[in-house]
*Asks:* 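Right, I'll just put the structure down here and ask away after.
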Amino acid sequence: MNHKKYKKIFYREIFFIVLALLFILPLAIHGFVPAGDDWKYHANRILEIACNIKRGNFFPMMYTYTFKRIGYLLGAFYPWLMLLPFSIFKNMTSNINVAIGLGYAFYIFIALNLVYHVTNKLFKNENQAILTSIVYSFSGYILTDCFKRMALGEFLAMIFLPVAVYGFYAVFFDNKKDWPYLAFGMSAIILSHVLSTFITSTLFVILLVVLFHWIDDRKARFIRLGWAILVCIASSAIFFLPFAEQELYQQFNQPSQTTLQVQNFGDVIVQSLNGTGYACGTITILVLIFGMIMWNPLNKVEKASYVIGTITLIIATSLFPWDLLNQTPFNVIQFPFRLYMLVTLFYSVVAGKIFMVMYQKLKRKDRIGNLLLKGAILLTILLPWFGSAQEYLDNAGVGPLWHINDYTPAKGQNDLENVCNHEVISDGSAAILNPNDIISKPNELIFKGQLIDNAVSLDLPTYNYKNIHVYRDGKKINWKPSVNDTVTIHTSKLSGPVTVKYVPSFIDWLGIIVSIGTWVVGIVYYFRKKIISE
């Protein structure tokens with residue numbers, strides 16, 4: 001056993017744990033205040049999953065404890081699996097704000113390790129890999145996602161983005177046997193955020209077209225790509241199959257549809273340097289400048305990263321004619337600044353090399369001098385980040401939107417307010433249900449009380465989705481959607497409370513089994529290969 005090697009790993013992991021806790025230090029200083037445009041939306045997602053976990057359900061599809069308790073089928077449309085750590089922390093701490101902070105720390109620790117791992121595979125330089133992982137994890141845009149926007153899905157996707165990008169590079173330009181990085185990296189992104197999946201996939205298609213000429217051994221590499229796609233589909237089937245099943249069942253509008261909202265390039269530079277707004281951070285702008293100044297020491301991968309990052313930064317701003325794309329599928333992006341997630345990754349690769357070159361030039365022979373130099377580099381990365389974090393939290397606010405209309409059936413949009421107010425039509429008369437007459441269970445709502453129990457005909461405040469089952473007096477009953485796509489029943493021979501329940505279909509169970517099986521096989525294969533190689 002190589003004790004020196006494992007001792008080094010131990011100290012590195014302790015260092016990463018300390019950094020992960022530093023990431024949430026600004027939150028702790030501010031008393032873990034709620035912060036972010038989408039705080040209410042994602043906090044309720046976490047609460048819903050936490051309530052399900054407490055009751056032994058790890059497949060929350062119909063949201064019945066939160067989102068106005070209308071049986072909102074958010075679990076089928078927005079990836080939820082990566083929220084499990086946040087929800088587990090919620091059940092451990094009981095405080096949603098602390099749980100979110102601990103969730104951030106957990107995933108930053110994961111990000112530090114993943115970026116270190118893939119960067120070290122690329123450059124075979126542990127110090128450069130550590131520097132790159134710190135720059136990426138403490139980047140301005142990850143900070144923006146967490147403390148300014150609380151774009152939790154995008155934050156989670158950014159944790160796994162480096163793995164997918166490395167996998168793409170390995171498949172076409174390096175060790176093609178590393179294709180599982182592309183498969184499972186993309187799968188983790190899919191299980192985090194749909195829009196980030198779209199952005200990452202678009203990047204890969206563009207790079208493949210532009211760089212096709214330089215791909216050698218094409219047949220073998222495209223075979224590996226095929227395997228990566230198949231494994232990616234299998235490992236993300238737990239979300240992909242239920243999502244497809246619902247989308248094919250009826251019509252849904254594009255979520256949060258809006259015209260593309262573009263930032264001025266000059267404003268991006270100023271806000272990034274000042275640590276304000278929806279920015280990509282001080283280090284990113286410094287890389288834009290110093291990448292040109294220190295061009296020669298960069299290797300081919302680092303130079304390519306700088307070029308891709310710079311082009312993406314330009315495209316993400318008003319320098320690119322986004323107005324022309326408003327009537328195209330790219331409109332789904334909503335905010336082109338989402339592309340900063342790509343800029344952040346590619347510029348972090350360049351930043352890691354720049355800091356490494358600076359360290360090599362300034363390196364001292366004495367140990368204390370080198371420690372001070374490393375400390376100075378670390379502070380150069382962290383101090384602007386802390387300044388931005390303080391700025392965001394000093395002006396913290398919570399967005400007012402629940403986004404319930406995002407995945408409400410298109411035919412039911414006009415009746416959404418009545419449904420959220422729990423309006424029931426009982427034997428032809430409209431009335432508001434008492435909140436105590438709605439009982440929440442995992443994937444299940446029970447409607448009871450005077451307005452319900454003795455009614456023959458009911459139009460309930462919950463929507464029509466695939467796999468909805470309705471029960472009364474212990475018996476499964478037929479139901480049909482109303483003109484507003486709500487659940488209606490007519491039972492002349494039955495009375496009492498009515499249960500509306502989401503029952504997982506064969507497609508749902510197939511997705512669960514295939515995904516879990518694929519991930520288990522992948523993890524076992526990875527560690528088996530690692531043990532054999534050692």
*Asks:* Flag the pair Tyr78 / His42 as yes when their ring centroid distance falls below 6.0 Å, and as no otherwise.
*Replies:*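 Yes, the ring centres sit under 6.0 Å apart.
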*Asks:* Should the pair Asp174-Lys121 be classified as a salt bridge under the 4.0 Å nitrogen-to-oxygen rule?
*Replies:*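 Judged by the 4.0 Å cut-off on N to carboxylate O distance, Asp174 and Lys121 do not form a salt bridge.
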*Asks:* For the ring pair Phe160 and Phe184, is the centre-to-centre distance below 6.0 Å?
*Replies:* no
*Asks:* Taking the inter-plane angle between the rings of Tyr169 and Tyr166 on a 0 to 90° scale, is it parallel (under 30°), tilted (30 to 60°) or perpendicular (over 60°)?
*Replies:* tilted
*Asks:* How would you list, by chain and number, every residue that makes a ring-ring contact (aromatic ring centres under 6.0 Å, His included) with Phe172, sequence neighbours excluded?
*Replies:*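 Scan of Phe172 (ring-ring contact (aromatic ring centres under 6.0 Å, His included), adjacent residues dropped) gives Phe168, Phe222.
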*Asks:* Sequence neighbours left out, what pairs pass salt bridge (Lys or Arg N to Asp or Glu O under 4.0 Å) with at least one residue falling in residues 90-118?
*Replies:*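 Found none.
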*Asks:* Pairing donors with acceptors under 3.5 angstrom, does anything connect the side chains of Asn395 and Glu391?
*Replies:*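 Yes, because at least one side-chain N or O of Asn395 sits under 3.5 Å from a partner of the opposite role on Glu391.
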*Asks:* Going by atom type alone, with no hydrogens or angles, which donor-acceptor pairs under 3.5 Å involve a side-chain atom of residues 379-390 and a protein atom two or more places apart or on another chain?
*Replies:*
residue : atom : partner : partner atom : Å
Thr380  : OG1  : Ala376  : O            : 2.8
Ser388  : OG   : Pro384  : O            : 3.3

*Asks:* With side chain to side chain donor-acceptor pair (under 3.5 Å) as the rule and sequence neighbours excluded, what pairs involving residues 129-140 come up?
*Replies:*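 Matches after skipping sequence neighbours: none remain.
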*Asks:* Any side chain to side chain donor-acceptor pair (under 3.5 Å) involving residues 222-234? Give me the pairs, sequence neighbours left out, ordered by first then second residue.
*Replies:*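 Found none.
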*Asks:* Is the distance between the ring centroids of Tyr181 and His117 under 6.0 Å?
*Replies:* yes
*Asks:* Scan side-chain atoms only and decide if Thr258 and Gln334 contain a donor-acceptor pair under the 3.5 Å cut-off.
*Replies:* no
*Asks:* Report all side-chain donor-acceptor pairs from residues 276-296 shorter than 3.5 Å, counting only partners two or more places apart or in another chain.
*Replies:*
residue : atom : partner : partner atom : Å
Tyr278  : OH   : Asp37   : OD2          : 2.4
Thr282  : OG1  : Ser272  : O            : 3.1
Thr284  : OG1  : Cys280  : O            : 2.7

*Asks:* Would Phe346 and Tyr306 count as a close aromatic pair, with their ring centres under 6.0 Å?
*Replies:*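 Judged by ring-centre distance (under 6.0 Å), Phe346 and Tyr306 do not meet the cut-off.
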*Asks:* Ring centres under 6.0 Å, that's the criterion: do Tyr141 and Tyr340 meet it?
*Replies:* yes
